[in-house]
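Worksheet: one structure, shown below.
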Amino acid sequence: MQIFKFGGASIKDADGVKNLASVLQTTGYDRLLVVVSAMGKTTNALEVVIENYFNNKPELQSALQDVKKYHNEILLELFDNENHLAFKKVKAFFTELNAVLNANKSPDYNFVYDQVIGYGELISTTIISEYLNSIGIKNNWIDVRELIKTDTFYRRANVDWEATQRLIGSKLDTSTLNITQGFLGSDPNNFSTSLGREGSDYTAAIFAYCLNAKNVTIWKDVPGVLSADPRYFENARLLHKISYREAIELAFYGASVIHPKTLQPLQRKEIPLYVKSFLNPTAPGTKIYKDMVLEPWTPCCIVKKNQVLISLSSLDFSYIVEENISEIFSLLHLYKMKVDVIQNSAISFSVCVDNIYNNLDILVHQLRAKFKVTYYENVSLYTIRHYDHKTIAQIETDKTVLLKQLTPETVQVVTK
């Protein structure tokens, strides 16, 4: 059994769907599970729908219509007959989405988010499944919410591994080609949940773990894992081989090509991960496996933008000790702040966080009860693995350095 994952960029239009079919024809699709994201920027478009649902009801239907139009244009390019079953199935999902919004009584943004956001994946996989069937690539469409069970931590749900493994083992026919959604699951009450942005990679790893897959391949618009994001760094190099440990380090620091949770289940069962280009499917790409030396050996640069740097100091010049740090982290956990780097001295404590849930104001209010607080929004966090002084200097040029931390393998720099 092999697992393929295709992201939104690979299927952003009708040509992308056709190219996915071409990749399958090139690689073969016997005993294959294909995990697919929402098409193009659909997730962003559905976030606009959710925002309008809560804050701008007059624009809600217009935002929904934009999503419908985008998918309908793809359908019209893929299928000659507008009476094709694909049109009916996609229309049914939009009808269902409208019903979900009309019936909702919950004021919880995160809950509503997860009930809405997954329609991008449900629709994309339906279009792809129907197109593949139409060209003779027979497949089963699977609703992943029936297989991956989670808790109720909406927007970043935790997998119930025991239940998920039991369901995948008993319900999935591994003898054929299966098409399913990334990013999604369902809670004990069968409400939809999501695994976090970029969670489709993680979905592929979940299936691989539960099925003892031969390997996982993530298909990207880049030739493999690069030493840096070419949008922000010059001279990015293709990394041919990476160990699990190195890849987990890169993912933890925010390398966008790999989801942070993806590698852990693969490493536990020693399942190789390949990252390849859907534009050149026969190229070797990057292999991630155990005990591999980074090839080539080069500085690897990662940037996370729109971060928040919070600096605390004691009000009376007393030491910031274990009790204070414990209280700080309790608040960070309470307000769902993802911590990226910390630094402390005798009377100060700094932390760079990702304000995913927009809880910064209430967090700062709570912290000011016991600490002097300063904070900087919209800062950038740069991380360099296997750094050299030339690379550090390039990153710091023409920027204000707010925090800098070095270890033997890694340097992190927060800049404004």
Side-chain angles (χ1 to χ4, degrees), residues 1-40 42 70-93 119-148 168 171-184 200-201 203-208 210-211 213-221 274-283 285:
M1 189 75 185
Q2 296 186 82
I3 314 294
F4 282 4
K5 180 262 175 176
F6 289 88
S10 67
I11 51 162
K12 64 183 179 181
D13 52 27
D15 286 340
V17 176
K18 293 175 182 177
N19 186 66
L20 182 152
S22 177
V23 170
L24 297 186
Q25 290 165 335
T26 300
T27 63
Y29 47 87
D30 183 47
R31 292 177 54 81
L32 177 68
L33 172 70
V34 178
V35 175
V36 184
S37 300
M39 291 175 154
T42 298
Y70 170 70
H71 288 92
N72 196 56
E73 288 174 351
I74 293 173
L75 284 166
L76 289 169
E77 288 193 52
L78 292 174
F79 303 99
D80 295 332
N81 184 359
E82 290 187 43
N83 292 319
H84 192 281
L85 185 59
F87 288 87
K88 297 177 182 178
K89 288 185 174 181
V90 170
K91 182 180 179 180
F93 275 127
Y119 281 92
E121 279 74 15
L122 294 168
I123 291 168
S124 70
T125 50
T126 296
I127 293 173
I128 289 165
S129 175
E130 290 298 325
Y131 176 73
L132 293 176
N133 280 325
S134 74
I135 62 170
I137 302 178
K138 300 304 178 184
N139 66 90
N140 292 328
W141 182 90
I142 306 295
D143 188 336
V144 75
R145 297 172 298 178
E146 296 179 0
L147 300 179
I148 294 182
I168 289 175
K171 289 190 172 185
L172 190 69
D173 179 3
T174 59
S175 66
T176 188
L177 171 63
N178 291 289
I179 309 294
T180 197
Q181 308 78 37
F183 182 54
L184 305 180
S200 294
D201 291 2
T203 303
I206 293 167
F207 275 105
C210 294
L211 294 168
K214 179 182 177 182
N215 55 57
V216 175
T217 302
I218 297 175
W219 296 94
K220 294 276 190 178
D221 56 356
Y274 294 91
V275 181
K276 296 186 177 185
S277 170
F278 59 74
L279 301 173
N280 187 10
T282 59

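Below, each value reflects all heavy atoms present in this structure, side chains not excepted, and no hydrogens, waters or symmetry copies.
The salt bridge (charged side-chain N to carboxylate O under 4.0 Å, His left out) contacts involving residues 7-24 comprise nothing, where partners must be two or more places apart or lie in separate chains. Legend: salt bridge (charged side-chain N to carboxylate O under 4.0 Å, His left out) pairs involving residues 122-138, not counting sequence neighbours, sorted by first then second residue: Lys89-Glu130.
For Thr125, the side chain to side chain contact (heavy atoms under 4.5 Å, CB included) criterion is met by Val36, Trp141, Ile179, Gln181, not counting sequence neighbours. In this structure, Lys220 has no salt bridge (Lys or Arg N to Asp or Glu O under 4.0 Å) partners at least two apart in sequence or on a different chain. With sequence neighbours excluded, the residues satisfying side chain to side chain contact (heavy atoms under 4.5 Å, CB included) with Glu146 are Asp143. The side chain to side chain donor-acceptor pair (under 3.5 Å) search around Asp80 returns none, not counting sequence neighbours.
The heavy-atom pair separating Leu211 from Met1 by the smallest distance is CD1-CG, 4.2 Å. Across all non-hydrogen atoms, the minimal contact from Ile127 to Met39 is CG2-CE, 3.9 Å. Residues Ala38 and Gly120 share a closest heavy-atom pair of CB-C, 3.6 Å. The two atoms that bring Val34 and Leu32 nearest to each other are CG2-CD2, 3.7 Å, heavy atoms only. For the pair Ala86 and Phe79, the tightest heavy-atom approach, listed with the atom from each and the gap, is CB-CE1, 3.7 Å. The heavy-atom pair separating Ala9 from Asp221 by the smallest distance is CB-OD2, 4.1 Å.
Contact check for Thr42 versus Ser124: no side-chain heavy atoms found under the 4.5 Å cut-off. Residues Thr176 and Asn139 are not in side-chain contact: their nearest non-hydrogen atoms beyond the backbone lie 4.5 Å or more apart. Put simply, the side chain of Phe6 reaches to within 4.5 Å of the side chain of Val23, judged on heavy atoms. Put simply, the side chain of His84 does not reach to within 4.5 Å of the side chain of Leu75, judged on heavy atoms. Two residues are said to be in side-chain contact when any heavy atoms from C-beta on lie closer than 4.5 Å; Gln25 and Ile137 meet this criterion. Contact annotation: the side chain of Lys276 never approaches that of Thr27 to less than 4.5 Å [non-hydrogen atoms, C-beta and beyond]. Ile128 has its side chain out of reach of Tyr131: every pair of non-hydrogen atoms, C-beta onward, lies at least 4.5 Å apart. At a threshold of 4.5 Å between non-hydrogen side-chain atoms, the residues Phe183 and Val35 do not count as touching.
Of the candidates Tyr274, Phe278, Phe4, Trp219 forms a ring-ring contact (aromatic ring centres under 6.0 Å, His included) with just one, namely Phe4.
Separating the CG atom in Asp30 from the CG atom in Leu24 is a distance of 12.0 Å, to the nearest 0.5 Å. Separating the OG atom in Ser134 from the CG atom in Asn81 is a distance of 11.5 Å, to the nearest 0.5 Å. Once rounded to the nearest 0.5 Å, the distance linking OG1 of Thr203 with CG of Leu147 reads 11.0 Å. Note that CD1 of Ile135 and OG of Ser22 are 9.0 Å apart. Values are rounded to the nearest 0.5 Å. In this structure, CD1 in Ile123 is found 7.0 Å from CZ in Phe93, a value given to the nearest 0.5 Å. A distance of 8.5 Å separates CD1 of Ile148 from CG of Leu184, quoted to the nearest 0.5 Å.
The main-chain N or O of Gly7 is found under 3.5 Å from a side-chain atom of Ser10 such that the two form a donor-acceptor pair. Counting only distance, with no hydrogens or angles, the side chain of Asn19 and the backbone of Leu279 share no donor-acceptor pair below 3.5 Å. Within the 3.5 Å criterion, the main-chain N or O of Ile142 finds a donor-acceptor partner in the side chain of Thr180. With hydrogens and angles disregarded, no donor-acceptor distance shorter than 3.5 Å links the side chain of Glu121 to the backbone of Ser37.
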- Run the numbers on Phe207 and Val144 for side-chain contact (heavy atoms from CB on, under 4.5 Å), then give the verdict. CA-CA 10 Å; Phe207 275 105; Val144 75; 3.7 Å; yes
